2 protein chains.
Amino acid sequence: MTSSAQVMAVCAALGDETRWQILERLGRGDHSASALAEMLPLTRQAIAKHLAALQAVGLVESYRAGRELRFRALGAQLSATARALEEIGAAWDRRLAAIKTVAESLSEQD
Amino acid sequence: MTSSAQVMAVCAALGDETRWQILERLGRGDHSASALAEMLPLTRQAIAKHLAALQAVGLVESYRAGRELRFRALGAQLSATARALEEIGAAWDRRLAAIKTVAESLSEQD
DNA sequence: CTGATTTGCAACCAGATGGTTGCATATGAT
DNA sequence: ATCATATGCAACCATCTGGTTGCAAATCAG
């Protein structure tokens, strides 16, 4: 189950340009904070903070490789969040469709 | 088409507790900023700002009803964002699966 | 017209957040 | 052992952002 608070937290993590740039790189290959710092116009520490934020909501996981700590993008969390949003959106649309139906049945009095 | 920047903007809008509370109310019925202010422990102006943010990314739309301005939750934008995230998540998982396959074929040398 | 209600706008404030620099610590290679 | 490289931690800073108050303007009702 994906709680409502979890969905919000993941969205908050995804609501940042820099974090998306990091995720785009990680989506194509694992990298350490230092490696990412060489690809992006940012300090390693700034990137480390973003990676921590992403890891906190399960969008990324880390593993040691020698003396470096590599990060990997996790599709599972993203997909779970997507499904939760899809459901909520569908519920909103169902409500609107129901209202429209009522409006149409009322206008049948013409 | 849903651009990458759009997805980020929608996520940013969804990354806020108060905004979710507003959306939850709007998901069950249309309301004006003033009406929402009576349901939530917030000033009307605070709510108006949030509604503007939600409207800016297409999660909500407004219409006049007499002297009040009512807001309605739009499922379409939420669903579109969900599909975009789902695709990205799937791409990440495909990459991981491919790597795993390579690893397995290498270990067949035992 | 008058009064009540609702929206709209601007200024202001405190705390969160994205980013930096600097230094300490750990680990791999020679 | 030594040197280079990578991570970890803390302090600090500027800006963004969520929220407030106050007031003006528009609109419906009597």
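Chain letters run A, B, ... following the sequence lines, proteins first, then strands; residues in each count from 1. All heavy atoms count here, side chains included; hydrogens, waters and symmetry mates do not. All values derive from a computational prediction rather than experimental measurement.
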Once you round it to whole Å, what is the distance between P of dT6(C) and CG of L51(B)? 15 Å
If every non-hydrogen atom of M8(A) is compared with every non-hydrogen atom of D16(B), which pair is closest and at what distance? SD-C, 3.6 Å
Listed by chain and number, what are the salt bridge (charged side-chain N to carboxylate O under 4.0 Å, His left out) partners of E17(A), not counting sequence neighbours? none
Report the distance from atom CG of L69(A) to atom P of dG28(C), rounded to the nearest whole Å. 13 Å
Residues of residues 52-62 of chain B with any non-hydrogen atom less than 4.0 angstrom from an atom of DNA chain D: list those, numerically ordered, please. none
Indicate, with yes or no, if M39(A) and L23(A) share a hydrophobic cluster defined by side-chain heavy-atom contacts under 4.5 Å among Ile, Leu, Val, Met, Phe, Trp and Tyr. yes
Residue pair L85(B) / L14(A), side-chain heavy-atom distance below 4.5 Å: yes
For the pair made of CD1 in I22(A) and C1' in dG19(C), what is the distance, rounded to whole Å? 12 Å
Enumerate the salt bridge (charged side-chain N to carboxylate O under 4.0 Å, His left out) contacts for residues 84-94 of chain A, please, sequence neighbours excluded, ordered by first and then second residue. none
Quickly work out the L36(A) CG to dG19(C) P distance and round it to whole Å. 13 Å
Whole angstrom value for the distance that separates P of dA16(C) from CD of E17(B): 15 Å
Test item: I47(A) and F71(A) side chains (from C-beta on) under 4.5 Å apart, heavy atoms: no
Reading 5' to 3' through nucleotides 18-30 of chain D, protein heavy-atom contacts under 4.0 Å coded B for base, S for sugar-phosphate only, - for none: SBBBB----BB--
How long is the line joining CZ of R70(B) and P of dT5(C), in whole Å? 17 Å
Got a list of side-chain donor-acceptor pairs under 3.5 Å for residues 48-64 of chain B, not counting sequence neighbours?
from, atom 1, to, atom 2, distance (Å)
H50(B), ND1, R19(B), NH1, 3.1
Q55(B), NE2, S62(B), OG, 3.1
E61(B), OE2, R72(B), NE, 3.2
E61(B), OE2, R72(B), NH2, 3.3
Y63(B), OH, D30(B), OD2, 2.6

Contact list for residues 37-46 of chain A, test side-chain hydrogen bond (donor to acceptor under 3.5 Å, both in side chains), sequence neighbours left out: none
